Each structure stands twice: as structure tokens, then as C-alpha cells.
Amino acid sequence: MTRSGSPAELRRYDAATAQLDPPFAIVDMAAFRVNAAAMTARAGGKPIRLASKSVRCRYLIEEVLRMDGFRGILAYTLPEALWLADRGTSDDIVVAYPTVDRAALARLAGDADAAAAIAVMVDCAEHLDVIEKVAAGVANPHPVRVAIDIDAGYVALAGRLRAGARRSPVRTPADATALAREIISRPGLRLAGLMAYEAQIAGVGDNPPGRPVYARAVRLMQRRSAAELAQRRGAIVAAVRELTPLEFVNGGGTGSLAGTSAEAAVTELGAGSGLFHPTLFDAYTGFTGQPAAMFALPVVRRPGPGVVTALGGGYPASGPGVPSRVPQPYLPGGLRLDREEGAGEVQTPLLGAAADSLMIGARVWMRHAKAGELCERFSALHLVDGDEIVATVPTYRGEGQTFL
Ligand SMILES: Cc1ncc(COP(=O)(O)O)c(C=O)c1O
């Protein structure tokens with residue numbers, strides 16, 4: 001069963017946005033602040049580097065960076081990082097995924113401020129070669145700061161079970177020290193830190209609705225993975241620190257803040273989704289959050305009893321093409337998607353008794369399955385505080401920036 005909001009929330013959102021014509025997106029700032037505070041509490045005193053992909057709105061990123069407990073940005077592309085640094089959003093940015101963007105790397109190596117502010121992710125010598133080759137074409141290049149991405153996935157049953165993101169080939173202390181030595185030996189590079197993101201814990205809900213057997217298997221896997229990773233991450237960090245000092249060791253995500261922050265080897269967390277608290281994050285036993293980002297659709301048709309049709313809504317989230325990636329109706333309560341049509345490209349039928357009270361021109365409120373991807377669909381976010389809109393701010397898209 002999908003989560004529904006309360007009638008009081010519905011009245012508040014409808015009243016605050018009465019003058020707007022849907023579709024549009026809002027952020028409930030009270031919920032956003034509550035979520036931020038809950039995240040920093042779970043981080044147990046360690047700073048959270050804000051995963052910008054999960055916000056994709058410069059105004060909100062800057063708002064979060066002013067809050068206690070958040071420090072620096074975990075960006076998703078180098079052009080994004082350069083743009084954020086250039087706008088003065090942050091001077092402490094780690095790009096979490098490797099880049100082969102030659103123009104962006106040339107800008108990084110050619111700009112003292114950018115080179116000091118930004119670190120890029122690497123996991124093999126080829127990444128280093130790409131950076132060095134670009135820097136060789138730049139007049140007086142500045143050293144490029146890099147971080148090593150460690151594979152935090154869980155492998156069991158002699159490799160027959162694998163959980164986690166397929167990203168870095170660097171898995172052991174020996175792998176990590178070999179790459180660290182390679183970085184240290186290259187004069188144009190500086191090793192700034194390590195990152196090890198345990199997607200199979202931080203990004204996989206252990207309480208998916210209607211799947212109790214799978215949920216038990218997820219919990220078992222997560223317990224074992226956390227124990228294995230704590231030991232391996234600690235050993236990797238210790239081994240690399242013997243070669244060179246590290247500015248940071250980043251780990252975790254919204255779904256693992258409490259567990260990851262307890263590891264002594266981890267100096268900072270990386271997280272963002274918990275701020276908007278999209279539907280995928282309803283499926284965790286360890287914490288709850290308040291839905292903070294929503295989008296409103298207009299009811300444009302009433303095909304028959306128990307069903308209305310809204311305009312738009314087909315904003316599926318990335319990842320495996322499974323039902324949990326589809327947006328869900330949130331308000332009024334008691335609506336559900338049609339199994340055959342789902343959330344449609346131009347029209348979304350919504351079923352349930354509540355449909356009969358929705359006249360043409362009424363609105364329904366939906367939640368996205370993931371956080372920042374919502375901002376690729378809207379050029380602005382209306383920030384609701386109490387029962388009024390206190391600001392309307394551009395998303396990345398609204399600023400003409402679509403990085404991925
Ligand atoms: C490297 C890295 N760190 C942290 C996160 C956690 O982000 P969030 O808290 O938004 O789920 C992610 C998410 O994909 C990630 O790729």
C-alpha cells in the first residue's frame with residue numbers, strides 16, 4: 001500500500017498553491033528541515049557531504065550547506081562541479097563518478113580555484129592517464145586532486161552472490177595501495193581521499209511493501225555486508241594512510257547514515273535523498289522521513305465512477321524497470337495507479353473512491369520514486385512553508401543545466 005498524506009496537508013498544499021496551474025512541483029520546507037535534522041542526527045556528529053544529484057536545485061543545495069552537519073558537495077559530473085564552484089555554491093566538491101570529459105578536465109587543470117575546490121573520482125590507472133593527457137595540453141596546469149573509489153559491494157558464496165553497485169574494481173587493501181602509489185608517483189596528481197559507497201545497504205530498502213520473504217533476505221545480506229565492509233574499509237583506509245595523509249574518507253548514503261557513521265575509518269558521509277524523502281525511502285525499517293517534494297497534476301477527465309484522469313505524471317525513476325520506480329499518488333489519500341497504464345506520458349488515470357470527489361480542474365499530488373530526478377521535469381520548485389509559498393526557485397533544469 002502506498003503512503004498517503006493527511007487531509008490537513010492536502011488543505012495546506014491546495015491553499016498555498018491555489019493561484020498556480022498544475023503541473024508544478026513543490027517542496028514542503030518544514031518537512032525538508034525535519035528530514036535534514038534527522039539525517040544529521042543519524043550521522044552522529046560526522047559531516048554529511050551533500051549528494052547534489054538528489055537535490056538538483058542550487059538554491060536548496062546552498063540552503064542545506066548553511067545547516068549544521070552538512071559540509072561540501074558530492075557532485076555527479078565534473079561540468080556540474082565546475083558550475084557550482086564558479087557560482088560560489090561551494091569550494092569543497094568531490095565528483096563521485098569518474099569523468100572522461102576532456103573539456104571539463106582542461107578547465108579544472110587550468111583554473112587554480114577550481115583545482116583547489118574540486119576532487120575527481122578514479123578507480124584505475126586509465127583514469128589517471130586521461131587526466132594527465134588533458135593536463136599536458138594546458139598551459140601551467142594545476143595539480144588535479146583525485147579520490148579513489150573503493151568497491152563496497154558484498155560478495156558471498158564464492159562469488160555466486162553479489163550485491164551492490166558495479167562500479168570500482170578496487171576492492172582490497174592491495175588494490176587500493178597499488179592505485180594510491182600510482183597516483184603519488186605522478187606529479188600532476190594529488191590523492192585527496194577515498195570513497196566507498198555501500199549501495200546495497202544505503203540504497204536498498206529492507207522493508208519493501210508486500211515482499212516479506214525478500215525483505216528478510218535483504219536484512220540478512222545487509223547485516224553481513226555491513227560487518228564485512230567495516231573490517232575491509234578499515235583495513236584499506238589504514239593501508240593507504242600509511243602511504244599518504246587523506247583529507248577525507250567518504251561512505252554511506254541516506255539509508256545507511258547511522259551504521260556507516262559508526263565506523264571509525266569513515267570521516268564523512270555522502271547523502272541527499274533523505275531531504276526530499278521520495279517513495280523508495282519509505283521502505284526502510286531503520287528510519288522514517290517526511291515526504292517533502294511533491295508534484296501536482298490537474299484532473300482533466302472523469303472517465304467513470306471511481307476514476308479520474310490527470311494530465312502528465314509519467315516521470316519514472318532511473319534503475320531497474322520495476323513498479324517501485326513509478327511515481328505514486330499521495331493526496332488525496334486512497335488513490336492508486338491503474339495497473340495497465342501506470343503513470344502515463346501525457347495522462348495518468350487514478351483509481352479509488354477518492355476519485356469521485358475530484359472534479360475537473362481539481363488537483364492530485366504525487367511523489368516521485370527518487371529525489372533529484374524530479375527536478376529534471378520541472379524548471380522551478382515552489383517552496384511551501386506553513387500555508388504559503390515563500391519562494392519559487394529554479395531547478396538545475398530551470399537554470400538551463402542538464403548534466404545527465
Ligand atoms: C557515491 C554515492 N554516495 C552516496 C550516495 C547516496 O545518496 P542518497 O543519500 O541521495 O541516496 C550515492 C547514491 O547513489 C552515491 O552514488
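Quick caveat: nothing in here was measured; it's all calculated off a predicted structure. Start at 1 and go down the list; that is how both ligands and their atoms are numbered.
- The distance from ligand 1 to the heavy atoms of L74 drops below 4.0 Å at these ligand atoms: 2 (C), 3 (N), 4 (C).
- Shown in contact with G252 at under 4.0 Å from a heavy atom are these atoms of ligand 1, numbered in order with element: 3 (N), 4 (C).
- With respect to atom 14 (O) of ligand 1, the closest heavy atom belonging to the protein is K53 CE, 3.1 Å.
- The ligand atoms of ligand 1 that sit less than 4.0 angstrom from a heavy atom of S54 are 8 (P), 10 (O).
- Residue contact annotation: R167 has a non-hydrogen atom under 4.0 Å from ligand 1.
- Among F276, Y13, Y315, the one residue that satisfies the ring-ring contact (aromatic ring centres under 6.0 Å, His included) test with F295 is Y315.
- Residue G272 places at least one N or O, backbone or side chain, under 3.5 Å from an N or O of ligand 1.
- Each of the following atoms of ligand 1 lies closer than 4.0 Å to a heavy atom of T254: 8 (P), 9 (O).
- Remark: side-chain polar atoms of R167 are not paired, donor with acceptor, to backbone N or O of D151 under 3.5 angstrom.
- The closest protein non-hydrogen atom to atom 7 (O) of ligand 1 is A51 CB, 3.9 Å.
- In N250, neither the side chain nor the backbone holds a heavy atom less than 4.0 Å from any atom of ligand 1.
- Using a 4.0 Å cut-off between heavy atoms, M121 makes no contact with ligand 1 at all.
- Side-chain N/O atoms of T279 and D282 include no donor and acceptor closer than 3.5 Å.
- Side-chain polar atoms of N207 and T285 form no donor-acceptor pair below 3.5 angstrom.
- Residue-ligand proximity, M195 to ligand 1, at heavy-atom distances under 4.0 Å covers atoms 1 (C).
- Within the listing of ligand 1, atoms 8 (P), 9 (O), 10 (O), 11 (O) sit less than 4.0 angstrom from a heavy atom of S273.
- For the residue pair Q200 / S225, a side-chain donor-acceptor distance below 3.5 Å is found, with atom types taken as modelled.
- Looking at atom 5 (C) of ligand 1, its nearest protein heavy atom turns out to be Y197 CE1, 3.4 Å.
- For R87, the CZ atom counts as densely surrounded, since its 6.0 Å shell holds more than 12 non-hydrogen atoms of other residues, nucleotides or ligands.
- In this structure, F24 and W365 have perpendicular ring planes: the angle between them is above 60°, well past the 30° mark.
- Cation-pi geometry between R42 and F287 is met: the NZ or CZ atom falls under 6.0 Å from the ring centre, inside 45° of the normal.
- Residue Y97 has at least one nitrogen or oxygen atom sitting less than 3.5 Å from a nitrogen or oxygen atom of ligand 1, judged on distance alone.
- Side-chain N/O atoms of R363 and T17 include a donor and acceptor closer than 3.5 Å.
- Shown in contact with A271 at under 4.0 Å from a heavy atom are these atoms of ligand 1, numbered in order with element: 9 (O).
- Side-chain atoms of R233 come within 3.5 Å of backbone atoms of A196 as a donor-acceptor pair (strictly under, hydrogens ignored).
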